[in-house]
There are 2 protein chains.
Amino acid sequence: MAQKDTVERILDAAEALFAERGFAETSLRTITSTAGVNLAAVNYHFGSKKALIQAIFVRYLDPLADAVTEELNQAEADDKSLAISDLLMLLTRSVYKVHGHSARRITGFMRLLGLAYTQSQGHLRGYLGERYGSVFKRFVGLLRPACPELSDIDLFWNTHFALGAAVFTLSNQQALAAMLESDTGVNTDINQVVNRLIPFMTSGIKSHQDPASAQGAAQGYFNLPNESH
Amino acid sequence: MAQKDTVERILDAAEALFAERGFAETSLRTITSTAGVNLAAVNYHFGSKKALIQAIFVRYLDPLADAVTEELNQAEADDKSLAISDLLMLLTRSVYKVHGHSARRITGFMRLLGLAYTQSQGHLRGYLGERYGSVFKRFVGLLRPACPELSDIDLFWNTHFALGAAVFTLSNQQALAAMLESDTGVNTDINQVVNRLIPFMTSGIKSHQDPASAQGAAQGYFNLPNESH
DNA sequence: AATCGCCACAAACGTATGTTTGAAACATAC
DNA sequence: GTATGTTTCAAACATACGTTTGTGGCGATT
C-alpha cells in the first residue's frame with residue numbers, strides 16, 4: 001500500500017480536528033475531506049461518529065495503558081518505595097514512550113482527555129472508566145504508600161486536583177505559552193511545562209487541610225449551608 | 001411584571017443548559033422551550049446565539065469583577081501583606097458574594113469557565129481577556145509579593161496550574177463526588193471541595209523546580225528535542 | 001473465466017440547526 | 001380612540017449535519 005490505510009487516515013485527521021475544535025464542532029465532512037477519503041467511509045469503517053470518537057481514545061489509551069502497566073510491573077519488581085515525583089515521572093515516561101516526543105501529539109492527547117470530561121454527556125467517561133479503571137487503581141495503589149499522612153479521601157481529591165492542573169494547562173499549552181511570551185518574551189515548550197508541573201503536582205498532592213477547617217465550621221476557610229432551590 | 005423578564009428567563013435557561021451540555025450541544029429550541037419563550041426571542045433580544053453566549057458571561061463576570069475589585073481595594077487599603085491562602089480566600093469570598101451559596105450556580109460557573117477555554121474557538125477567550133484582564137493583573141500583582149522566592153515565570157505557570165485544578169475539579173464536582181461516594185460512602189459537597197482546594201493550590205503555587213532540572217538537561221526530569229514534523 | 005467479498009464513491013435522505021419574516025398583540029403617548 | 005413603537009408568535013427558510021443507499025471497481029478464490 002503506497003499510502004496509509006483509510007482507517008488510519010480517518011483516525012489521524014479526526015484526532016487532530018477533535019482536539020482542535022471539540023467533537024460537536026467537527027463534522028464528518030470536515031474529517032473526511034482533510035483525510036482525503038469519501039464521506040461514507042466513517043460510517044462504513046466505524047459505524048457512527050460516536051464509535052469513531054471511542055476508537056480514537058482506544059488507539060490513544062490502549063498503548064498508554066500497556067506502557068504504564070509495564071512501568072508499574074518494573075516498579076513493583078524493584079520493590080523500592082517510590083516518592084510522588086517518581087510516580088509522576090513514571091507516568092510522564094509512559095506518555096513519552098507512546099507518543100514519542102511530539103508536542104503536537106501530547107497537547108492533542110491532553111485536549112482530548114479534557115474534552116472527554118467536559119463534553120460527551122458522560123457516555124465516554126463511563127466507557128473509559130470501565131476500560132482503564134484497573135490501571136488507574138493500580139497506580140493509585142502505588143501512590144498510596146507514598147503519602148502516608150493523607151487519608152484516602154485526601155488522596156482522592158488531591159489526585160484529581162493534580163489531574164486537573166495537568167489536563168487544563170497541557171491542553172492549553174500553546175495559548176498559555178503564547179500569552180506568556182507576549183508579556184515576557186520568554187518561550188516555553190511543552191517539555192518545560194511538564195518539568196514545572198511535576199513539582200507543582202508533587203507538593204499539591206502532599207498538602208492537606210487544617211484539622212480545624214476540615215470539621216467544616218470553626219475558623220476554617222468557608223462553610224456553605226445546603227443548596228437552596 | 002408578574003414573572004421574570006423574557007431576557008432574564010432566556011439567560012437563566014441558557015446558562016444552566018450550556019453549563020450542563022456545552023454550547024454546540026445546546027440548541028436555541030431547547031433553550032427557548034425550557035425558558036417558556038418563543039424561539040425567535042433569542043435572535044430578537046440578543047441578535048445571535050454567539051451574542052447570547054457572550055451575554056451570559058458578562059452577566060456572570062461583571063458582578064464578579066466588581067466584587068473582586070472591591071475586595072482588592074479593601075485588601076490594599078489594609079496594607080497588610082497577604083499570604084497566598086488569604087488571596088485565594090479573597091477570591092472565594094468574591095464568588096460567594098456574587099453567586100450566593102448555591103452549589104448549582106458555582107458548579108455551573110466553573111463549567112462555563114472551563115468551556116470558555118476548551119470550546120469557542122478562542123473568540124470568547126479573547127473577549128474575556130480584553131474585558132477582565134486588568135482585574136486579573138491586579139490580583140497577580142498582590143500575589144507577586146506573597147511568593148518572593150518565585151520568578152515571574154514560575155508564578156505564571158503555577159497560577160495557571162492552580163486555576164486548572166480549580167476549574168477542572170469544581171466543574172466536575174458532582175461526578176467526582178459521586179465516584180468517591182460509590183467507593184467510600186463518604187459524601188462531599190462543593191464547600192468541602194473548595195476547602196480542600198485552597199491548601200492544594202497554596203502549596204502548589206509555592207512550589208518550584210530544582211535549579212538543575214530548570215536548565216533543561218542534567219539530572220532534571222525530562223528533556224525533549226524539538227518537534228519533528 | 002466466473003464468482004465472491006471488500007471497499008470507494010456520488011448521491012440522496014431525513015432531520016435538526018440558526019436565522020428571518022410578517023402579522024398579531026401589547027403597551028404607551030397624544 | 002387613534003397612532004406609534006415594542007415585543008411576541010407561528011411559520012417558513014436556508015443550510016449543515018449524520019447516516020443510508022445503490023453502483024461500480026478491484027483483488028482473491030474457485
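Side chains included, hydrogens not; waters and symmetry mates left out as well; all remaining heavy atoms used.
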Indicate the atoms forming the closest heavy-atom contact of Gly22(B) with Leu115(B), along with that distance.
CA-CD1, 3.7 Å
What pairs with Arg29(A) under salt bridge (charged side-chain N to carboxylate O under 4.0 Å, His left out), at least two apart in sequence or on another chain?
none
Give a yes or no on whether the backbone of Leu155(A) and the side-chain of Thr159(A) come within a donor-acceptor separation of less than 3.5 Å.
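Yes.
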Sugar-phosphate means primed atoms, P, OP1 and OP2; the rest is base. With that split, encode nucleotides 8-13 of chain C 5' to 3' as B, S or - using protein heavy atoms under 4.0 Å.
SBB-B-
Students should find this one: the first and last nucleotides of DNA chain D, 5' to 3', lying under 4.0 Å from a heavy atom of chain B. What are they?
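Counting from the 5' end, contacts occupy dT6(D) to dA12(D).
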Dot-bracket for DNA chain C, 5' to 3', Watson-Crick and G-U pairs with both distances under 3.5 Å, [ ] for crossing pairs, | for partner on another strand, reads ||||||||||||||||||||||||||||||
Going by atom type alone, with no hydrogens or angles, which donor-acceptor pairs under 3.5 Å involve a side-chain atom of residues 179-186 of chain B and a protein atom two or more places apart or on another chain?
unit_1	atom_1	unit_2	atom_2	d
Ser182(B)	OG	Met179(B)	O	3.0
Thr184(B)	OG1	Leu180(B)	O	2.9
Thr184(B)	OG1	Val186(B)	N	3.2

Counting any heavy atom closer than 4.0 Å, what does Thr32(A) reach on the DNA or RNA strands: base, sugar-phosphate only, or nothing?
nothing
Contact class for Thr26(A) vs. all strands (heavy atom < 4.0 Å): base, sugar-phosphate, or nothing?
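If one applies the 4.0 Å heavy-atom cut-off, Thr26(A) turns out to touch the sugar-phosphate alone, with no base involved.
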Using atom NZ of Lys50(B) as one end and atom C1' of dT19(C) as the other, report the distance to the nearest whole Å.
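Result: 14 Å.
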Who pairs with Asn172(B) by side-chain hydrogen bond (donor to acceptor under 3.5 Å, both in side chains), at least two apart in sequence or on another chain?
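Result, side-chain hydrogen bond (donor to acceptor under 3.5 Å, both in side chains) vs Asn172(B): none returned.
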Residue whose closest nucleotide on DNA chain D lies nearer the 5' end, Gly47(A) versus Ser27(A)
Ser27(A)
